[in-house]
Participant: 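What follows is a structure written as structure tokens; I'll ask about it next.
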Amino acid sequence: MGSCAIVVLIFAVLLQNAWCDVSPTPIVMWHGMGDSCCFPFSLGAIKDKLIDSIPGLYVHSLQIGDNIIEDVENGYLMHPDKQIKLACELIQNDTQLANGYNAIGFSQGGQFLRGLVQRCPNPPMKNLISVGGQHQGVYGLPNCATVAATVCDYIRKLLNYAAYEEWVQNGLVQATYWHDPLNPEEYKNGSTFLADINNEREISQDYVKNLQSLEHFVLIKFDDDTVVQPVETEWFGFYKPGQSVETQSLEESDLYKNDLLGLKGMNESGKLKFLSTPGNHLKFQWDWFAENVLEPYLK
Ligand SMILES: *[C@@H]1O[C@H](CO)[C@@H](O)[C@H](O)[C@H]1NC(C)=O
Ligand SMILES: *[C@@H]1O[C@H](CO)[C@@H](O)[C@H](O)[C@H]1NC(C)=O
Ligand SMILES: *[C@@H]1O[C@H](CO)[C@@H](O)[C@H](O)[C@H]1NC(C)=O
């Protein structure tokens with residue numbers, strides 16, 4: 001190879017690095033229950049706004065299934081373990097994400113993305129934004145009729161009577177993060193997703209290590225949320241064990257006191273951020289999001 005060719009090669013490498021430095025970190029989104037990757041009135045619109053706000057941004061909104069209908073159905077029917085495996089593959093297959101990405105999870109997509117970062121460390125997730133995610137699960141589905149009345153009623157009945165039965169855990173996504181505070185032992189033994197990612201069954205040091213690798217973990221809570229019960233779960237709080245009236249914060253929970261997930265250290269090093277916004281579930285104002293989330297964590 002002549003010296004000129006070498007110079008050209010070095011120049012090409014430098015140019016490529018310069019490109020990589022200026023192109024914004026891509027964003028992966030994961031939708032909530034009853035939603036899909038791409039509805040124009042929902043995540044489709046958010047994707048457009050993100051791209052408007054960050055020139056050159058690449059957004060991958062996860063579609064779980066072969067089409068949008070399957071994507072919606074799988075939000076109820078495909079076990080989160082399987083969904084996360086699939087999401088991991090989709091992300092690893094997407095060459096535009098090879099250098100890492102930021103992630104925004106909406107509602108249950110918030111806890112699924114946390115499962116993803118804990119189980120699928122490559123390529124690296126940099127910042128995780130949980131928009132109304134239920135990190136300590138839910139106990140009740142008030143107002144879920146706003147999603148789809150008949151489906152909602154069916155789910156509610158099933159969860160109240162048999163959430164921890166194996167067939168319900170395998171067949172209904174929402175059962176896997178159903179957290180019955182009256183029966184904490186049944187929850188621990190029976191919850192096949194949440195109790196696992198919260199290290200409540202056995203401690204996975206990989207989960208701790210992978211979660212710590214985030215630059216920031218931003219938890220957004222909706223002050224007027226009437227869909228998620230209790231709303232404290234959006235900040236890792238929950239009902240005090242043994243009853244379902246009084247709630248406790250993350251700091252008061254066993255998860256924190258026994259430091260099962262390493263959240264204490266993450267908070268001390270400024271990685272854990274607690275944000276709240278007025279409005280009902282997922283009803284944030286774009287200006288608020290742009291100022292408090294996009295500017296500090298996604299740009
Ligand atoms: C990822 O890519 C591999 C190899 O091309 C392919 O076999 C697999 O189906 C892809 N996975 C998904 C979820 O698209
Ligand atoms: C724990 O869960 C398993 C599997 O679902 C079930 O067979 C067993 O009865 C449960 N044990 C208790 C003590 O709830
Ligand atoms: C997180 O850290 C802040 C400031 O260091 C502290 O005030 C707060 O109580 C901590 N919260 C948790 C949940 O650890």
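Every number for a ligand or one of its atoms is a count from 1 in the order of the listing. All residue numbers refer to positions in the sequence shown, counting from 1.
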Participant: For E232 and Q136, which I'm curious about, is there any donor-acceptor pair between the side chains at under 3.5 Å?
Facilitator: no
Participant: Can you label the angle between the Y239 ring and the Y139 ring as parallel, tilted or perpendicular, going by 30° and 60°?
Facilitator: perpendicular
Participant: Which is closest to atom 3 (C) of ligand 1 by heavy-atom distance: N93, D94, L90, I64?
Facilitator: N93
Participant: Got the closest protein heavy atom to atom 12 (C) of ligand 2, with its distance?
Facilitator: N189 ND2, 3.1 Å
Participant: Among all protein heavy atoms in this structure, tell me which lies nearest to atom 11 (N) of ligand 1, with the distance rounded to 0.1 Å.
Facilitator: E89 OE1, 2.8 Å
Participant: With a cut-off of 6.0 Å (strictly less than), are more than 12 heavy atoms of other residues, nucleotides or ligands near CD of E166?
Facilitator: no
Participant: What protein heavy atom is closest to atom 10 (C) of ligand 3, reported as residue, atom name and distance in Å?
Facilitator: N267 ND2, 2.5 Å
Participant: Does a side-chain N-to-carboxylate-O contact under 4.0 Å join E246 and K240?
Facilitator: yes
Participant: If we count only non-hydrogen protein atoms and require a distance under 4.0 Å, does atom 14 (O) of ligand 2 qualify as touching the protein?
Facilitator: yes
Participant: Parallel under 30°, tilted from 30 to 60°, perpendicular over 60°: which one fits the rings of F193 and F112?
Facilitator: perpendicular
Participant: Give me the residue, atom name and distance of the protein heavy atom closest to atom 4 (C) of ligand 2.
Facilitator: E166 OE1, 4.1 Å
Participant: Contact between F236 and ligand 3, counting heavy atoms under 4.0 Å?
Facilitator: no
Participant: What protein heavy atom sits nearest atom 9 (O) of ligand 3, and how far off is it?
Facilitator: E251 OE2, 2.7 Å
Participant: Kindly assign one of parallel, tilted or perpendicular to the pair F284 and W288, based on the angle between their ring planes and the thresholds 30° and 60°.
Facilitator: tilted
